[in-house]
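Take a look at the structure set out below.
Naming: A, B, ... by sequence-line order, numbering from 1 per chain.
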There are 2 protein chains.
Amino acid sequence: MRTFVAAADAGQFQEAAGALAITQQAVSKRVAALEHDLSVRLFARSARGVQLTVDGQAFLPHARELLRVADRADASVRPGRRALRVDVHSRRIGPAVLLQDFHRAHPDISLDVVTLDVDAVGAIAAVEAGAVDATFHAVAVRRLPDAIRAARVLDEPHELLVGPRHPLASADVVTPAQLAEHRIWMPGMAPGSEWADYYLELAAAFGLTIDLAGPVFGNEALLAEIAGSASLSTLVGEHSRYLWPDSWDLRRIPVRDPAPVYPMSLIWRADNPQPALRTLRRALRASTPDYPVWLPKLSGTY
Amino acid sequence: MRTFVAAADAGQFQEAAGALAITQQAVSKRVAALEHDLSVRLFARSARGVQLTVDGQAFLPHARELLRVADRADASVRPGRRALRVDVHSRRIGPAVLLQDFHRAHPDISLDVVTLDVDAVGAIAAVEAGAVDATFHAVAVRRLPDAIRAARVLDEPHELLVGPRHPLASADVVTPAQLAEHRIWMPGMAPGSEWADYYLELAAAFGLTIDLAGPVFGNEALLAEIAGSASLSTLVGEHSRYLWPDSWDLRRIPVRDPAPVYPMSLIWRADNPQPALRTLRRALRASTPDYPVWLPKLSGTY
DNA sequence: CTAGAGGCACAACCAACGGTTGTGGCTCGC
DNA sequence: GCGAGCCACAACCGTTGGTTGTGCCTCTAG
């Protein structure tokens, strides 16, 4: 492909061969092979050089695009100068949305969003090791390793997700106190994880029934279950993206007075030289809600 | 790359090998070679299969994109089911702009814009031969080959392009009659071409001095010449895109009363089965100006 | 605790690919 | 008409990339 583009740019195989440091015959062979694979003629040969055919003209921009993508792919992992790589715990929750906004605002910065599938300790270890440039987690800033920095970037308020038959289905807003009478189901939180700790502390603070146990069949199953139930509900982050069929008629009801928020920090290595990281940090300015919030004490490992 | 994606999807080399109809060892070798080239480990191997590393996760979407682009590149020339291919005489004039608008409105339709670099006769021959799906030219509809259809899609009005020292530099609008006193320079029109015929007929109709001869050094040179001259001017299509440094201070002045328009038709083969062509035809509805226009008699080959 | 199943890597082997040099034919310009 | 410039074809050969055979590791079932 690179040879084809070089030949198209040069207008002759000889010169392209020079640029690629191979012989004219090799260029001829490569182009012939490409033409054979595509079963189409890309160049019209003459004694003065070559000229793109119609098919060649149509193919050229695609070939260039292919090389661009290949170079980007290479740059995404090439040690030393790879793209900014950020870990999010799930692609459906707040931080992923923040990153998407960031990408829209800075399309020139190449960004890789990955999901490490580890807890805060593991993610911070990955940041320390340089495997990722940054991660999002709830941390008590005082107890981080020396080389690690953190900045609060998102206080994520919660919404109650209920089906149409749930008693609170028609509420515009609910208070934590109101939730005490209802069962909140959040399966899949590993005991001891920051998530489990958070929801246990929340439950204790307001006398709630938050069910962290139970079989985990995935988010889709959970949503389906809630859609059909008159008593089940769950909590989701305000920025999170969950999709369901319209017919399920699920409702998201803000929780306020106070609003339990989940405090997310961006975590990075102090000595990370990536300029894009600085840009990301600047772009992610925390906007504190203008209503009363409830925050956990964050007594976990960090 | 395809092997890497297959292995990532399968979660094990064995299964990927089956899907690709090669042996597990070949998959192992291919992945190892890719890892070597990138000097990065993409998979963590275990006795239960393989799992993407962080680098692998970051690389995967790029690899998928690469395959997508490769497939599109292939589809762009693969005989039988290639993308809609339209010839424009120049990427800077009206039809190219129409196509760009069309692409924005229908981003799902893959469109290849090519420049055949031939006259109307050659372009229509290319349409007949199936090398391109459509072309834009000024034609008298009556005399086309049987298998060819045409529809007027753009009556392109002209603007006078002058430098700041030209006598008409400050005019808001000019008439063809006014132009009779000034020299209009349009080098590079081959004698007998539809363009030359048009401008000759225009010159005759209004007693203009239109200079089609002269050395051709390219558009940039022409613009530079005009910018510095107090007497030279040229005509450009209203939709055409020419760029120049701000300091040149060139002005585009509409020609009206009547406005000489250049009538462009979309030309295609009656039996072209491409559904996208139908969409293009529907999208390109001619919008006739609501002011008096001048049209040529179109006495050329077609 | 052990045996077997399942999965990946390494080694040896071999066809085919992709480069090289050498050469011939074509076209254009002097 | 002849040389210069450029591309294609042929012969040649090292390397690549597939194959089969095998060993090692881990997880699990008996």
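The only member of Leu116(B), Ile267(B), Leu84(B), Val113(B) that meets side-chain contact (heavy atoms from CB on, under 4.5 Å) when paired with Val132(B) is Leu116(B).
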With the criterion being N/O to N/O and under 3.5 Å, what pairs connect the protein with nucleotides 25-30 of chain C, and how long is each?
{"from": "dC28(C)", "atom 1": "O3'", "to": "Arg48(A)", "atom 2": "NH1", "distance (Å)": "3.3"}

Are any protein N/O atoms closer than 3.5 Å to N/O atoms in nucleotides 12-18 of chain D? If there are, list each pair with its distance.
{"from": "dG18(D)", "atom 1": "OP1", "to": "Arg30(B)", "atom 2": "NE", "distance (Å)": "2.8"}
{"from": "dG18(D)", "atom 1": "OP1", "to": "Arg30(B)", "atom 2": "NH2", "distance (Å)": "2.4"}
{"from": "dG18(D)", "atom 1": "OP2", "to": "Arg30(B)", "atom 2": "NE", "distance (Å)": "3.2"}
{"from": "dG18(D)", "atom 1": "N7", "to": "Lys29(B)", "atom 2": "NZ", "distance (Å)": "3.0"}
{"from": "dG18(D)", "atom 1": "O6", "to": "Lys29(B)", "atom 2": "NZ", "distance (Å)": "2.4"}

For nucleotides 22-24 of chain C, list the nitrogen or oxygen atoms of the protein found under 3.5 Å from its nitrogen or oxygen atoms, one pair per line.
{"from": "dG22(C)", "atom 1": "O6", "to": "Gln25(A)", "atom 2": "NE2", "distance (Å)": "2.5"}

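Annotation: salt bridge (charged side-chain N to carboxylate O under 4.0 Å, His left out) contacts of Arg41(B) (sequence neighbours excluded): none. Annotation: ring-ring contact (aromatic ring centres under 6.0 Å, His included) contacts of His89(A) (sequence neighbours excluded): Trp195(A). Under the salt bridge (charged side-chain N to carboxylate O under 4.0 Å, His left out) criterion, Arg64(B) pairs with Asp9(B), sequence neighbours left out. In this structure, Phe136(B) has no ring-ring contact (aromatic ring centres under 6.0 Å, His included) partners at least two apart in sequence or on a different chain.
Comparing the helix axis at one end of the helix from dC1(C)-dG30(D) to dC30(C)-dG1(D) with that at the other, each defined from 5 consecutive pairs, gives an inter-axis angle of 20° (nearest 10°).
When rounded to the nearest whole Å, the span between CG of Leu34(A) and P of dG19(C) equals 13 Å. Phe43(A) places its CZ atom 10 Å from the P atom of dA8(D), with the value rounded to the nearest Å.
Between Ser28(B) and dA9(C), a side-chain N or O to OP1/OP2 separation shorter than 4.0 Å is present.
Nearest heavy atoms, Ala96(A) versus Arg91(A): CB-O, 3.4 Å. Nearest approach of Val127(A) to Arg269(A), heavy atoms of both residues: O-CD, 3.2 Å.
Between atom CG of residue Asp71(A) and atom CZ of residue Arg2(A) there is a gap of 5.0 Å, rounded to the nearest 0.5 Å.
Using a 4.0 Å heavy-atom cutoff across all strands shown, Val27(A) reaches no nucleic acid atom at all.
A heavy-atom distance below 4.0 Å to DNA chain C is reached by none of the residues of residues 7-21 of chain A.
Sorted by first and then second residue, the ring pair (Phe, Tyr, Trp, His ring centres under 6.0 Å) pairs with a member in residues 11-31 of chain A read Phe13(A)-Phe43(A); sequence neighbours excluded. The salt bridge (charged side-chain N to carboxylate O under 4.0 Å, His left out) contacts involving residues 11-31 of chain A comprise nothing, where partners must be two or more places apart or lie in separate chains. A ring pair (Phe, Tyr, Trp, His ring centres under 6.0 Å) check over residues 47-80 of chain A, counting only residues at least two apart or in different chains, returns the pairs Phe4(A)-Phe59(A).
More than 12 heavy atoms of other residues, nucleotides or ligands sit less than 6.0 Å from atom CG of Asp271(B). Around the CD atom of Gln274(A), the shell of radius 6.0 Å holds more than 12 heavy atoms that belong to other residues, nucleotides or ligands. Remark: Asp37(B) CG is packed, more than 12 non-hydrogen atoms of other residues, nucleotides or ligands lying under 6.0 Å away.
Proximity of His137(B) to Asp87(B): side-chain heavy atoms (C-beta onward) are separated by under 4.5 Å at one or more points.
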